[in-house]
Amino acid sequence: MQAGALIAAFVVDKATERKAILWGQDLQKAYSDLVTQALALSRSPVLRKVQGYLTRTMDILGSIDLLAACGHGSGGVVGRMLQRVNARIDTPGELAIAQAELEKLVALMAAALRDLLDLKDQLLGVAERTDAVGAQLEAAAIAALFLSQRLRSEKVAVAQRFAERAMSLIQTVALIREGGATGNLQLEQPIRMVGAIQNVALVMLPGFIGNIASFAALSATKTAITPTEAGELAYQLGHIIEKLKSTKQQ
């Protein structure tokens with residue numbers, strides 16, 4: 001339909017090489033601008049910032065040895081997950097420091113959530129506009145091929161220019177289709193981060209932080225924490241770590 005409209009609006013008697021050479025050029029420029037916009041958005045500082053928050057959160061959580069911090073030795077679910085033994089958080093004092101930093105990280109991620117959602121909407125807008133330009137480019141290519149055939153017996157040079165433009169436009173359409181997967185990945189990145197913040201950082205982490213704060217308070221009063229209580233909290237910690245990992249990988 002779009003191709004037919006382009007053909008109907010074109011005055012064959014006034015066809016020139018210049019008009020043929022510029023056929024669809026504005027659409028290719030629009031596509032180039034959209035690629036530049038998408039690239040700039042994919043480098044948004046908020047992505048690096050939130051990635052840093054998530055990475056630091058994972059580092060802290062993965063270093064906590066709750067059983068040891070509660071005076072029951074190392075081991076259990078979290079003990080087996082530790083990657084850097086020398087960086088363990090395994091004393092009440094270190095646990096209190098980790099608690100304070102986790103609270104700060106949760107606040108920072110909550111504050112960044114709106115910016116992430118705005119970025120997601122911007123990327124989605126660019127993707128939709130790119131699809132629209134792709135449809136217009138395809139129509140322009142079809143129309144150029146038709147006009148090349150239509151003019152080949154009357155204006156050979158003009159017909160050749162239209163044929164060249166058709167090939168160029170088709171190549172641009174192919175680039176858009178090939179770039180669809182990249183565009184989806186760019187869009188998925190903020191979506192995954194939003195999921196990690198909404199489903200884990202703002203839902204699961206605050207409860208865990210509250211629990212370790214309670215344990216720290218008990219330790220300060222010399223109240224013993226049972227292995228069962230420490231083990232339950234260790235299990236909760238392991239669950240949070242796994243949820244963060246799966247959310248980031250989706």
Side-chain angles (χ1 to χ4, degrees), residues 43-117 119-120 188-250:
R43 294 172 176 170
S44 171
V46 69
L47 290 174
R48 295 194 300 273
K49 183 169 63 174
V50 173
Q51 184 60 57
Y53 297 155
L54 289 169
T55 299
R56 180 56 184 159
T57 299
M58 290 284 289
D59 286 345
I60 294 172
L61 294 175
S63 297
I64 294 175
D65 187 341
L66 276 167
L67 293 177
C70 295
H72 299 296
S74 184
V77 176
V78 177
R80 290 193 299 271
M81 295 174 65
L82 292 175
Q83 298 296 321
R84 296 179 299 170
V85 176
N86 293 331
R88 286 191 308 166
I89 298 170
D90 55 5
T91 67
E94 291 172 343
L95 193 59
I97 294 172
Q99 171 202 330
E101 188 172 357
L102 286 171
E103 288 175 350
K104 181 63 175 177
L105 286 165
V106 168
L108 289 170
M109 286 187 278
L113 186 58
R114 187 177 297 276
D115 289 339
L116 275 177
L117 290 171
L119 177 62
K120 176 187 72 69
E188 285 172 6
Q189 189 175 13
I191 290 175
R192 285 198 304 271
M193 290 183 177
V194 167
I197 293 174
Q198 286 185 324
N199 301 327
V200 184
L202 301 184
V203 175
M204 302 175 71
L205 261 183
F208 173 75
I209 293 171
N211 285 336
I212 61 174
S214 299
F215 276 29
L218 288 173
S219 297
T221 62
K222 307 300 182 182
T223 302
I225 299 165
T226 68
T228 298
E229 290 172 325
E232 282 298 309
L233 192 54
Y235 175 80
Q236 183 183 359
L237 172 57
H239 183 56
I240 291 172
I241 291 173
E242 289 306 316
K243 286 293 290 183
L244 273 176
K245 285 180 178 178
S246 63
T247 302
K248 289 176 66 178
Q249 293 169 357
Q250 284 176 354

State, to 0.1 Å, how close L119 and P190 come at their nearest heavy-atom pair, and which atoms those are.
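Between these two residues, the closest heavy atoms are CD2-CB, 4.4 Å.
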Quick one: closest heavy-atom pair of I89 and A98, and the distance?
CD1-CB, 3.8 Å
Which distance, rounded to the nearest 0.5 Å, do you find between the [atom1] of [X] and the [atom2] of [Y]?
{"X": "L54", "Y": "D59", "atom1": "CG", "atom2": "CG", "answer": "11.0 Å"}
{"X": "L102", "Y": "M109", "atom1": "CG", "atom2": "CE", "answer": "8.0 Å"}
{"X": "L237", "Y": "I60", "atom1": "CG", "atom2": "CD1", "answer": "11.5 Å"}
{"X": "M204", "Y": "I241", "atom1": "CE", "atom2": "CD1", "answer": "10.5 Å"}

Partners of E101 by side-chain hydrogen bond (donor to acceptor under 3.5 Å, both in side chains), sequence neighbours excluded?
R56
Test of understanding: with side-chain hydrogen bond (donor to acceptor under 3.5 Å, both in side chains), list the residues that count as partners of E103, not counting sequence neighbours.
Q99
Enumerate the residue pairs fulfilling salt bridge (charged side-chain N to carboxylate O under 4.0 Å, His left out) with a member in residues 43-52, sequence neighbours excluded, ordered by first and then second residue.
none
Show the atom names and distances, to 0.1 Å, of all donor-acceptor pairs under 3.5 Å that link a side chain in residues 205-213 to residues at least two apart or in another chain.
residue, atom, partner, partner atom, Å
N211, ND2, G207, O, 3.4
N211, ND2, Q236, OE1, 3.0

Residues at least two apart in sequence or cross-chain that pass salt bridge (charged side-chain N to carboxylate O under 4.0 Å, His left out) with E94, listed by chain then number, are none
Among all residues two or more places apart in sequence or in another chain, which pass the side chain to side chain contact (heavy atoms under 4.5 Å, CB included) test with Q189?
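Partners of Q189 under the side chain to side chain contact (heavy atoms under 4.5 Å, CB included) test: L47, R192, M193.
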My understanding is that only residues two or more places apart in sequence, or in another chain, count here; which of them pass side chain to side chain contact (heavy atoms under 4.5 Å, CB included) with L202?
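Applying side chain to side chain contact (heavy atoms under 4.5 Å, CB included) to L202 gives V106, A110, L113, I197.
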So, T55 and Q51: side-chain donor and acceptor under 3.5 Å apart, yes or no?
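Yes, side-chain donor-acceptor contact under 3.5 Å.
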